[in-house]
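Start at 1 and go down the list; that is how both ligands and their atoms are numbered. Just so we're clear, the structure is a prediction, and the values are computed from it rather than from any experiment.
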Amino acid sequence: MKHNKLKPFPANFFWGGSTSAYQIEGAWNEDGKGPSVIDMAKYPEGTADFKVASDHYHHYKEDIALLAEMGFKAYRFSIAWTRIYPNGSGEVNQKGIDFYNNLINEIVSHGIEPIVTMYHFDLPFALQQKGGWSNRETIDAFEIYAQTLFENFGDRVNYWLTINEQNMMILHGDAIGTVDPNLENPKKELYQQNHHMLVAQAKAMNLCHQLLPNAKIGPAPNIVSIYPASSKPEDIMAAHNYSAIRNWLYLDMAVFGRYNTTAWNYFEEKGYVPTILDGDMEVLASANPDFIAFNYYTSQTVAASEGDGSDICHTGDQHITVGEPGVYKGANNPNLKKNEFGWEIDPVGFRNTLREIYDRYNLPLIITENGLGAFDKLEEGEIVNDPYRIEFLRKHIEQMQLAITDGVEVFGFCPWSAIDLISTHQGCSKRYGFIFVNRDEFDLKDLRRIRKQSFYWYKELIATNGEKLN
Ligand code: BGP
């Protein structure tokens, strides 16, 4: 739809940025922190591990001051479960509580709204050793962990996100490194884990409402519009299948408290039906999110799959679709350009996605990730020029404003990432931040912070509440 006049961004719009604990903090075993599945995982050869990352643990004051200088209204970060409970459950690590108290105080003292992700891929290794999300005890551990967070930080944190990209952990567990490689029937097991995570999320949402009546909580999956590769009815059905399996399975449960029908039938067809215990569905139905947070990098395109598996490409990552025999297969979208890492760039798809989610659930939306990974270069004179990132963000923000004009209720935009950090599986040379962190894959250098060109651009954008887009 073409609009003659654009609606402005709402007053008090949460302009911000995002990070996650394991990708930015470092100090992987300091002050009593236990190991997470990320700390124990193998990394692709030639890429940095997460031991030091951007050393935010020791630089947090300086980092938050820089975010404040950019004018951030909100900052979305995650808490490392293993700093709070080094073994996932049991005894609380006071030093972990202290760190996040200090961090949150620093954020709040600059007038920035903290938005906390409770769990961003980094499951405590001690829980993984006991079966991780396959073991129902992890649901209880998560509930206790959630309670600890609400009790300790709920006086200052009003916005909570339960689980980052649960759908990517299930669909691309191998790419993200959170799946146990020794599982016998990985997909069935993954959907069992998925069920347990959904129950854990519902319990956390209920607990939040019980303990913190003024706080708001929501899920944080990765949701994107799925396009059919052609107007062939079979391709359209494949897109419908993949939307259900990738997107609506997660949000229908979070919002409506029920399994999506297409996804459920897919479980039955493939033999992935999870075991559901008495009381689970009641818990799932009883929980309600206050908003939906979602991550968007690119739309995805799929086509019908013949069913024998020969047409499926198996080399995907969290933003490159793989496929499943007889259900859908990944396809290229010839209308879209790709970034250096093969991810398609689709700002209009962002508007499509915002409209689709809002039409379906009618809840306020916040974008908790969107951004461009690139090989930024530090030039003489402390200069980092990243016009490609500015262009990427500008085009997405333009489309977000169009979606707002379409009537979608959006209350915040927190692109990935606030500061340079380590990519999930492509090292630290794939940078996303507004702030450059001076280190290489293996040479930590001085880790000094340098404002990129995009820093100044975003600062001006925020200062004008999005009016100065160009
Ligand atoms: C999302 C994750 C983030 C982040 C981002 C960029 O899926 O939630 O943690 O890593 O993708 O991906 P990458 O680091 O692989 O480039």
Polar contacts were defined as any N/O atom of the residue lying under 3.5 Å from an N/O atom of the ligand; does this apply to [X] and ligand 1?
X      : value
Glu165 : yes
Asn222 : no
His120 : yes

Are Arg389 and Tyr432 in a cation-pi contact, defined as NZ or CZ under 6.0 Å from the six-membered ring centre and within 45° of the axis? no

Using a strict cut-off of less than 4.0 Å between a Lys/Arg side-chain nitrogen and an Asp/Glu carboxylate oxygen, indicate whether [X] and [Y] qualify as a salt bridge.
X      : Y      : result
Asp446 : Arg439 : no
Glu398 : Arg351 : no
Asp376 : Arg431 : no

Walk me through it: do Tyr22 and Trp28 pass the test ring-ring contact (aromatic ring centres under 6.0 Å, His included)? CA-CA 8 Å; Tyr22 78 90; Trp28 76 289; over 10 Å; no

Taking only heavy atoms of [X], which atoms of ligand 1 are found under 4.0 Å from at least one of them?
X      : result
Lys430 : 13 (P), 15 (O), 16 (O)
Gln23  : 3 (C), 4 (C), 9 (O), 10 (O)
His425 : 15 (O)
Ser423 : 13 (P), 14 (O), 15 (O), 16 (O)
Thr424 : 3 (C), 4 (C), 9 (O), 10 (O), 13 (P), 14 (O), 15 (O)

Kindly say whether the aromatic ring centers of Phe291 and Phe411 come within a distance under 6.0 Å. yes

So for Asn164, does at least one of its heavy atoms come nearer than 4.0 angstrom to any atom of ligand 1? yes

For ligand 1, the portion of Met168 having any non-hydrogen atom under 4.0 Å away: neither

Under 4.0 Å from ligand 1, counting heavy atoms only, is it the side chain of Ser20, its backbone, both or neither? neither

Quick check on ring-ring contact (aromatic ring centres under 6.0 Å, His included): which of Tyr297, Phe392, Tyr296 does Trp343 satisfy it with? Tyr297

I want to confirm something. Looking only at heavy atoms, which of Phe341, Phe121, Trp416, Trp343 is nearest to atom 4 (C) of ligand 1? Trp416

Partner of Asn164 by side-chain hydrogen bond (donor to acceptor under 3.5 Å, both in side chains), out of Thr117, Asn295, Asp122, Asn222: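 Passing option: Asn295.
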
